[in-house]
A.B. asks: 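So that we are looking at the same thing, I have put the structure below in structure tokens.
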Amino acid sequence: MPGANYRAGAGAGAGARRPRGARDREEDGGGLEPAAVARDLLRARDPRFDDLSGEYNPEVFDKTYQFLNDIRAKEKELVKKQLKKHLSGEEHEKLQQLLQRMEQQEMAQQERKQQQELHLALKQERRAQAQQGHRPYFLKKSEQRQLALAEKFKELKRSKKLENFLSRKRRRNAGKDRRHLPLSKE
């Protein structure tokens, strides 16, 4: 008899059967429900997408956090001093990597600053043309890249690092060309 176990055990024991669909039902919470007000207070907000945080302006950001550059310079000097103390070993390797990372971050920041200056110069040029009555001309991405590259070449020429840069670029391109050449069977 299929229903005998259900009537006899009333839920006690391993062979007890529940009525159909009982396992899918939610358990009764006893009438307790979390307060909706507490849920709203705990919701976090992301300042990147929140209007309360205002708009991001790189120039204002750089001016506001200018003091960080001084702190970074002091940290860099400290790392250099520690590097002189530890001439070999694992500590030396870690300090060298840290110093290299700091220098790369500094270079990237300078590059971003140059990009911003170039962008501002182009913007001022467009405004001047608009004031003279000309239609504004917006550069394409490829033209912007060419201008940035020309600026980089001027900077390298000024610092006398152009030859070194070009020789490295030639070696890199030669390696790429060799990779694409068919293998000779000798």
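What you see is a predicted model, and the numbers here were worked out from it, not measured in a lab.
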A.B. asks: Do D50 and D46 make a side-chain contact, defined as non-hydrogen atoms from C-beta onward lying under 4.5 Å apart?
C.D. replies: no
A.B. asks: For residues 73-99, please give each side-chain donor-acceptor pair under 3.5 Å, one per line with the distance, not counting sequence neighbours.
C.D. replies:
{"unit_1": "K76", "atom_1": "NZ", "unit_2": "E106", "atom_2": "OE1", "d": "3.1"}
{"unit_1": "H92", "atom_1": "ND1", "unit_2": "H86", "atom_2": "O", "d": "2.7"}

A.B. asks: Would you compute the distance between atom CZ of F61 and atom CD of Q66 and round it to the nearest 0.5 angstrom?
C.D. replies: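 CD of Q66 is found 11.5 Å from CZ of F61.
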A.B. asks: side-chain hydrogen bond (donor to acceptor under 3.5 Å, both in side chains), that's the test. Do Y137 and E143 meet it? Break it down for me.
C.D. replies: CA-CA 12 Å; Y137 177 71; E143 293 170 337; 3.1 Å; yes
A.B. asks: With a 4.5 Å limit on heavy-atom distance, are the side chains of F153 and L166 in contact?
C.D. replies: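 Yes, side chains in contact.
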A.B. asks: Distance-only criterion, 3.5 Å: show the donor-acceptor pairs between side-chain atoms of residues 126-135 and protein atoms not counting sequence neighbours.
C.D. replies:
none

A.B. asks: Can you tell me how far the CZ atom of R45 sits from the OG atom of S53, to the nearest 0.5 Å?
C.D. replies: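 With rounding to 0.5 Å, CZ (R45) is 4.5 Å from OG (S53).
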A.B. asks: Where do R158 and E155 land on the salt bridge (Lys or Arg N to Asp or Glu O under 4.0 Å) test, with the steps shown first?
C.D. replies: CA-CA 5 Å; R158 252 184 267 135; E155 181 64 34; 2.9 Å; yes
A.B. asks: Do M107 and L156 land in one hydrophobic cluster if side-chain heavy atoms of ILVMFWY residues count as linked below 4.5 Å?
C.D. replies: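 No.
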A.B. asks: State plainly whether one hydrophobic cluster holds both L149 and L139, where clusters connect Ile, Leu, Val, Met, Phe, Trp and Tyr through side-chain heavy atoms under 4.5 angstrom apart.
C.D. replies: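 In one cluster with L149: L139, no.
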A.B. asks: For Y65, look at atom OH and say whether over 12 heavy atoms of other residues, nucleotides or ligands are found less than 6.0 Å away.
C.D. replies: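 No, the 6.0 Å shell around OH holds no more than 12 heavy atoms from other groups.
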A.B. asks: Does Q105 reach the main-chain N or O of M102 with its side chain, forming a donor-acceptor pair under 3.5 Å?
C.D. replies: no
A.B. asks: Hey, could you give me the CZ/CG distance between R178 and L181, rounded to the nearest 0.5 Å?
C.D. replies: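 The CG atom of L181 is 9.0 Å from CZ of R178, to the nearest 0.5 Å.
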A.B. asks: Can you confirm whether F165 sits close enough to K152 that some side-chain heavy atom of one is under 4.5 Å from a side-chain heavy atom of the other?
C.D. replies: yes
A.B. asks: Side chains of residues 108-124: which donor-acceptor pairs under 3.5 Å do they make with residues two or more places apart or in other chains?
C.D. replies:
{"unit_1": "Q109", "atom_1": "NE2", "unit_2": "N69", "atom_2": "OD1", "d": "3.2"}

